[in-house]
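Notes follow the structure.
Chain letters run A, B, ... following the sequence lines, proteins first, then strands; residues in each count from 1.
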Protein chains: 2
Amino acid sequence: MVTPPSIPRATVARLALYLHYLSELGDVRPSVSSEDIGAATNVNAAKVRKDLSYLGPGGTRGVGYAVAPLRRRITRALGLTKDLSVAIVGAGNLGSALARYPGFSQRGFTVAALFDIDPAKVGRRIGGHRVSHLDDLDAIAASIFVAIIATPADVAQSVADRLAAAGVGAILNFAPTLLKTARNVVVRNVDLSTELQILTYHAAQGSKSGVAENLGSAEDKQPQVGS
Amino acid sequence: MVTPPSIPRATVARLALYLHYLSELGDVRPSVSSEDIGAATNVNAAKVRKDLSYLGPGGTRGVGYAVAPLRRRITRALGLTKDLSVAIVGAGNLGSALARYPGFSQRGFTVAALFDIDPAKVGRRIGGHRVSHLDDLDAIAASIFVAIIATPADVAQSVADRLAAAGVGAILNFAPTLLKTARNVVVRNVDLSTELQILTYHAAQGSKSGVAENLGSAEDKQPQVGS
DNA sequence: TAGATTGTTAATCGATTAACAATC
DNA sequence: TAGATTGTTAATCGATTAACAATC
């Protein structure tokens, strides 16, 4: 059995970035160089080549990378070949906004379910999605690939437990809570206030020197290992 | 003049994490150990100590760190001593949700303005905030510390330009666009679809081995250097 | 062929972490 | 004193990047 080459964490995040650029690029140009990609995404060109080399050789020396094939290769490497179903838990301010967010479907994610536990919300339609009661999670969990937690902090852990029990393997958590999850559940946290705090520090520094950065969004990203 | 010790990028993100934990902790316990903090935030205890050492020595051997003073020291190091004003640009789904988000004020950020350019939205109140026209930015820009861009992707760059021209030094960008900004503007990007894509890859890997992570949401985090 | 650009090596840099002396 | 825990060193690990041979 061939061991699939595991792609470094930082590289995965940048591949998603390159893919975004390549999508914007359309098909007006037949090829792009690592220099082009680097300029557009603020990444060193050598790093771009190194990142792309994890997908196996695919460029042409003296020419660059053919745009459409490269897009396909990154798409395949990230596991984005099929449309992926997303469930949103929490139909409050943030959950509702996410349910109406057009960006997900543009990049291959389909909001397949929107959950809440508030009887006043269950049954209503938000952004074309009917709000289901969280108790009905098991019925559709099998078709869900990623769940987004957009609940108040105090129930986020219990929601994560229910999602894990239902077999959901990936969680994007917007609640300001560090989730304790089993090892086979992948969690990414996006804490809006923490983002502002990090920005605050760098802005104070920046007014002295001059920097700018991003993600890891979140990338920078703090660790979250299963318990 | 004393050079202020510059704190490494990854450490800054974790300090925000520790601060969150210390806030949750309240004052029931007089002190915490690096072991305690590490367990709560999923960070190696040695790393916690190293991170905290950037603030100068503050713990007591054999005892740990006094909770309240440590909270104050991190708060000061991150520049969070005063309440900071936030402006939200874009009063659509996401901008409106952010304007109503209670988490900001809980962590010392005040939403001081909400901007849009849609005449149908200007003048309306959303979450207690009156929507102003973006043309009125200059009038209040001086009091703004961070701006959040929650506009469609196609206008995000021009909004960033206007914010920079008005003197706003820090931007949290939710639009799926890599902003080109001057060197003295600090930008952090939170791209929701990219987060899902990164999660997708790790989930596919995770079903083989078993991992879980987070931020740097952002930490991870992709680079974004000023042009 | 000359020019361009990949793919990869190897040097460098920075971040993580085990280990332990210092010390409460 | 014995036990606990910090603060820091030094080893390790992984990520970045300059450099360049390979080659279109």
Whole-Å distance between [N] [atom2] and [X] [atom1]?
{"X": "B:D36", "N": "D:dT5", "atom1": "CG", "atom2": "P", "answer": "8 Å"}
{"X": "B:Y65", "N": "D:dA4", "atom1": "OH", "atom2": "C1'", "answer": "13 Å"}
{"X": "B:K50", "N": "C:dA15", "atom1": "NZ", "atom2": "P", "answer": "10 Å"}
{"X": "B:L15", "N": "C:dA15", "atom1": "CG", "atom2": "P", "answer": "13 Å"}
{"X": "A:R29", "N": "C:dT5", "atom1": "CZ", "atom2": "C1'", "answer": "14 Å"}
{"X": "A:L70", "N": "C:dT5", "atom1": "CG", "atom2": "C1'", "answer": "14 Å"}
{"X": "A:R49", "N": "D:dA21", "atom1": "CZ", "atom2": "P", "answer": "14 Å"}
{"X": "A:R9", "N": "C:dA15", "atom1": "CZ", "atom2": "C1'", "answer": "15 Å"}

### Message
Quick check: any donor-acceptor pair below 3.5 Å linking the side-chain of B:R61 to the base of D:dT6?
### Response
yes
- May I have the step-by-step check of side-chain contact (heavy atoms from CB on, under 4.5 Å) for B:Y54 and B:V12, ending in yes or no? CA-CA 10 Å; B:Y54 289 103; B:V12 170; over 6 Å; no
Given Watson-Crick and G-U pairs under 3.5 Å, DNA chain C in dot-bracket ([ ] crossing, | other strand) is ..||||||||||||||||||||||
Do A:I37 and A:L70 have side chains that get closer than 4.5 Å, going by heavy atoms? yes
Review point. Are A:L78 and B:T200 close enough that some pair of their side-chain heavy atoms sits under 4.5 Å apart?
Key: no
### Message
Ignoring hydrogens and geometry beyond distance, is a side-chain donor-acceptor pair present between B:S33 and B:D36 at under 3.5 Å?
### Response
yes
**Message:** Would you say B:R76 and B:T81 are linked by a side-chain donor-acceptor pair, where the criterion is simply a distance under 3.5 Å?
**Reply:** no
D:dG7 phosphate, OP1 or OP2, under 4.0 Å from B:S53 side-chain N/O = no
* Does B:R14 make a side-chain N or O approach to OP1 or OP2 of C:dT16 shorter than 4.0 Å? -> yes
5'-most contact on DNA chain D (nearest-nucleotide basis), A:A46 vs A:T60, goes to A:A46
Which of C:dT17, D:dT17, C:dG7 is nearest the side chain of A:N44? It is D:dT17
### Task
For B:T11, report the nucleic acid contact type (base, sugar-phosphate, nothing); a contact means any heavy atom under 4.0 Å.
nothing
Problem - Chi angles and distances behind the side-chain contact (heavy atoms from CB on, under 4.5 Å) call for A:R107, B:D191 - result: CA-CA 11 Å; A:R107 293 220 244 148; B:D191 184 332; 2.4 Å; yes
Let's go through A:Y101 and A:F104 carefully: what are the C-alpha distance in whole Å and the side-chain angles of both, what is the deciding distance for ring pair (Phe, Tyr, Trp, His ring centres under 6.0 Å) to 0.1 Å, and is it a yes or a no?
CA-CA 7 Å; A:Y101 183 61; A:F104 290 142; 5.0 Å; yes
